[in-house]
Amino acid sequence: MALSPVPAPGRPAGHPKGPAHGPASGVGAAPPPATRPGELPSVHGALLCVALPALAVCAEHGQLTGDGPEGVYAAGRRLLSRCVLRVAGREPLPLQGRMATADRAVFLGVLRVPGDAGPDPGLGVERSRGADGAERITLRNATARLLRLPVEIALGTDLADLGAVASGRTGPELAASVHGTGLRWTAGDGRSVAVTADPPPMDSLAAAGVLRWEAELAPGAPFTIRLQVRGDRAAGPAASTGSGGGRPGGHLIAEAWAEGDDPRPGELLRASVEDLRALLQRDPAHPADVHLAAGVPWRCGPVTAEALWAARMVLPLGTRLAATTLRALGRAQLQGTGSESGRLPGPLRDAGPHLPPRCTGIEATLAFPVVLAEARRWGLPAADLEELLPVAERCLGWLRRRLGHSGFVPDPGPAGPWRAETQAHAHRAALLGADLLDACGRPGGDDLREGARTLREGFRREFWLDDRAGGRPAVARAPDGRTWSQLGGWAAHLLDTGLLGGGRYAHGMLDRAETEQVARLLATPALDSGWGLRGLGTKEPGHNPFGHRAGAVRVHETSVAVAGLAAAGHEKEAASLLRGLLDAAAAFDYRLPEMYAGEQRTAGGRPVPHPAACRPAAVAAAGAVQALVALAGIRPDAPGRSVAVHPMPSAPLGAIRLSGLVVAGEPFAVRVGRLGLGMVEEAAEGLQLGV
C-alpha cells in the first residue's frame, strides 16, 4: 500500500445539482483546504473500469457527479468529472450497477413518465461506460404510446491530476466551449479534453456545460446517445495486440480457465485474468516493456516490487510478462563498484506498528534472480534469459556481500534490523540463484549455497523462539540482540522455498518440526480470520483489523500461505485458507482487493472492505492464480523437458480442470479428480511427465 496523500473533506452523498467544485470560471480560486492527513478517498464501493492508462471510477448509480475520485482518467489525469443524465428534468431511478468486464460497467435504471397510471415505470434506462469514458446511453419506451421527452447531459471537468484528486486539491471546474458535436475544456497548462456526442445534440450550452436532445420514442423503441471522451493524448490499453483474440494483454497473459465441481475457481480465475490484463501498463520511456500497475486507482506509477511478485505468481500463464517486468526493473539497477552496486532502488514502505519501514528495493533485488530462475523452469526463451542474466548476477553479487558481513541481510539499511521475511527472500534467492548460475555455466553457485547454509543455521539459532506451545519464529532481530516476536501473516513467506530443477522445491530455512509448527500457527483463529490470513495476529499488541500490516487480510500473503502449505504437505491448513479466500472472492464479485479487514468471520457475515484498498490490485489478482494452481501442484522443468503434478490428495474443492495454462511455451491442461489424482491432458510435444 502506498503512502496516502491528503484528501478534502467529503460532501454529503447524493447527486449534485450543479458543478462539483463551484463556478465554471474560477481563475485564481484557491483549492479547498486539505484535511485528515494520510486518508485516501474511499473507492471500495465504486465500480472501477480499468484498461490502463485509461480508468473510470463510477458510483453504482452510474452518474458521474464529481464527488471524490469519480470520473474518467487517462495517464493519471481526470478527463471528465461529471456526466449527469436527466430525462424530462429528472434523474433516472438507479436500480443496478455492475461490472460487465474489467474495463466496462453497466448501469440500469427506470423513470416514470407523464401518463404512467400504475406502479410500473414506462421508461427503461441503460448505460454502458468503458474505462476510456466511451458511453452508450439507451432509453427504451415500455409504454404503448409515443413519448417525446427532453434529454440533457450535464458535463464538467477540472482536468486534475490523480494526486490532486486524492488530496482534495483539485480546484474548480473549467469553463467549457462548444466543440463540434459536443464540448471542450482547456486547462491553464494547455492540456485539453473534448466530449463528442452521436447523434449531435439539438442544443449545446457551454456556459452550463449541458448538451440537450428532444427524444422521440415509438412504443417499444429505443433512443441511444453515444459519448466519446478524447484527451490531447490517446489512451489505448498497454498491450492490445498479439494472440488472445484482440483482448488487452492476450500475448502476455494467457486466458486460462477452471471448471469442476465448485464453480467459484472458474469465476475467480476469469475475473483475475481480466483484471491482470487491465492492469498492464507500458514504461513510457521504453514502450516495449510492459508491467503490471500495483493497483487501481492509487498505484499506477513505475514498476514496483509488487509487479515482480505478481509476474512470478502468474508464471503458469506464460513467461513473457516476467521478462518484460524484469527488463523494466533491471534498467534501474545501481552500477559501479560500491557496496550498493547491484541493488535495485526502491522507496521505503510502512511495516506496521512495531518495525521501522522496509526497503522495497531490497525486496526487488532478492526477488529478481528468483523470478528469472523460476521463469526459466516454466519455459523462458533463451534470448530473454541471456539478456537478463547479467542483472541477476549483479543482484546475487550484492546478496553475497550482504551475507558475508553478518550472515543476515539487514533491512532497510546496514543498521538493520534483520527481518525474518527478508531472510526468507535472501535464502530463496541464494539457492535459486545458485541453481541458475550453475545451469548457465556461470561461477558463484557454491558461494551462494554456502551463504544459504550459514543463513539457515543462523536463522534457527537467532530467530526461532522456543516456548511451551512449540515455539514460533521472531519477525525481526536487531544486531544488539533485541527481538520482535509479533506473529502475523508474514510467517507464510518462510514456507515459500522456490522451484528447482526436476520439479523439486528448494530447501527451506525451517526444519520439518518448525515447518509443522508454523503451519499450525497459521491455522489458529488468531491468524486465520476465516477469510484469509491477518497481517498481525489478534493477540498481538497493536492489532488493528484495518491495519494494512497490523491485522488486515492481505490476499498476497494468504496465497503464498496456500501454495507453501500445499507444497510442504500441510493440505488441511492450505485447504482451509483457500476456501476462505474463495468465499471472500465471491463476496467481492470475484474482484479481490489488495486487502480487507481482518474481522473474524461469523455465520452469515461478509468480509469488511478496507476503505483505502486498491481494487483491482496486481498481487491480489495474481495471488488468486497462484492459489488455484496450487490445487494441481504443477512443477515444471522446461529445460529438462519434464513437468510433474502433485495435486492436493484430498481434492478439497472436488474435481477440477485447469486449462489454458502455459508450460514450455505451449498450452497446458491438467485435471484433478475427486480422489486427488492428477492427469495431464494437454502439454508441449516431447514434455515428459515427472513424479
Side-chain angles (χ1 to χ4, degrees), residues 1-6 36-40 42-44 294-295 298-299 304-306 309 347-360 363 411-412 416-422 424-425 463 465 472-478 482-494 518 521-561 577 580-581 584 592-601 605 607-615 617 619-620 623:
M1 179 175 175
L3 296 178
S4 305
V6 185
R36 303 188 182 100
E39 183 180 347
L40 286 169
S42 176
V43 295
H44 76 263
W298 311 122
R299 304 186 62 201
T304 61
E306 284 97 331
W309 288 126
L348 297 180
R349 180 170 59 200
D350 178 38
H354 301 293
L355 290 169
R358 62 179 302 168
C359 179
T360 62
E363 188 177 340
D411 185 3
W418 302 324
R419 301 174 194 268
E421 186 177 337
T422 300
H425 296 334
F463 280 80
L465 308 176
R472 63 161 65 182
V475 63
R477 284 185 66 90
R482 180 185 174 190
T483 300
W484 289 267
S485 60
Q486 292 81 13
L487 190 63
W490 61 267
H493 294 277
L494 300 178
V518 168
L521 292 171
L522 292 177
T524 59
L527 287 184
D528 184 358
S529 70
W531 305 112
L533 279 181
R534 298 182 176 94
L536 187 66
T538 56
K539 297 181 180 179
E540 306 298 336
H543 170 79
N544 173 6
F546 289 93
H548 72 283
R549 291 184 183 270
V553 173
R554 299 173 66 225
V555 173
H556 173 209
E557 283 183 345
T558 302
S559 299
V560 168
L577 288 173
L581 191 63
L592 281 166
E594 61 176 325
M595 60 181 171
Y596 40 89
E599 299 282 2
Q600 186 61 43
R601 182 173 182 172
V608 179
H610 190 289
C614 287
R615 179 171 174 250
V619 290

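Each residue takes its place number in the sequence, starting with 1. The figures that follow rest on heavy atoms only: side chains count, while hydrogens, waters and symmetry mates do not. Since this is a predicted model, take the numbers as computed values, not measurements.
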Taken to the nearest 0.5 Å, the spacing of Met595 CE from His556 NE2 works out to 14.5 Å
Check whether any side-chain N or O of Arg549 sits under 3.5 Å from a backbone N or O of Gly352 as a donor-acceptor pair, and report yes or no.
-> no
**Asked** Should Pro525 and Thr538 count as side-chain neighbours, where that means a heavy-atom distance under 4.5 Å?
**Response** no
Requested in this report: Look only at the side chain of His354 and the backbone of Pro541, and say whether a donor-acceptor pair between them is shorter than 3.5 Å.
Outcome: yes
Notebook entry, point to check: Is the shortest side-chain N to carboxylate O distance from Glu540 to Arg472 below 4.0 Å?
Noted result: yes
Output for pair (Cys614 SG, Glu594 CD), nearest 0.5 Å, gives 4.5 Å
dist Leu592:CG -> Ser559:OG (nearest 0.5 Å) comes out at 8.0 Å
Could you tell me whether a side-chain N or O of Glu421 sits under 3.5 Å from a main-chain N or O of Trp490, the two making a donor and an acceptor?
no
Closest non-hydrogen atoms of Pro417 and Trp484, given as atom of the first, atom of the second and distance, are CB-CZ3, 3.7 Å
* Heavy-atom donor-acceptor pair, Arg349 side chain to Cys359 backbone, under 3.5 Å -> no
ask   = Tell me, do Val560 and His493 make a side-chain contact under 4.5 Å, heavy atoms counted?
value = yes
Using only atom types and a distance under 3.5 Å, with no angle test, would you say the side chain of His543 pairs donor to acceptor with the backbone of Leu536? yes
On a heavy-atom basis, the closest approach of Ala474 and Thr483 is CB-CG2, 3.6 Å
In short, Ala561 meets Leu522 closest at the heavy-atom pair CB-CD1, 4.4 Å
Taking every heavy atom of Leu494 against every heavy atom of Ala420, the minimum-distance pair comes out as CD2-O, 4.0 Å
Check: Pro593 and Pro607 side chains under 4.5 Å, non-hydrogen atoms: no
CG of Leu533 to CZ of Arg554, rounded to nearest 0.5 Å, is 11.0 Å
Closest heavy-atom pair, Phe546 versus Pro611, reported as atoms and distance to 0.1 Å, is CD2-CD, 4.1 Å
Trace of the side-chain hydrogen bond (donor to acceptor under 3.5 Å, both in side chains) decision for Trp531 with Glu599: CA-CA 9 Å; Trp531 305 112; Glu599 299 282 2; over 6 Å; no
- prompt: Do Arg615 and His44 come close enough that some side-chain heavy atom pair is under 4.5 Å?
  reply: no
For Asp411, is there any backbone N or O sitting under 3.5 Å from a side-chain donor or acceptor partner on Arg419? yes
Close side-chain approach of Ser485 and Val475, heavy atoms under 4.5 Å:
no
| query | Sub-3.5 Å donor-acceptor pair from the side chain of Thr304 to the main-chain atoms of Ala294, do we have one? | reply | no
CG of Leu487 to CG of Leu521, rounded to nearest 0.5 Å, is 5.5 Å
- Can you tell me if Gln600 and Arg534 form a side-chain donor-acceptor pair at under 3.5 Å? yes
Between Pro357 and Leu348, the two heavy atoms sitting closest are CB-CB, 3.9 Å
Between Thr360 and Pro347, is there a donor-acceptor pair closer than 3.5 Å when you use the side chain of the first and the backbone of the second?
yes
The reported gap from CD in Gln486 to CG in Leu355 (rounded to nearest 0.5 angstrom) is 7.0 Å
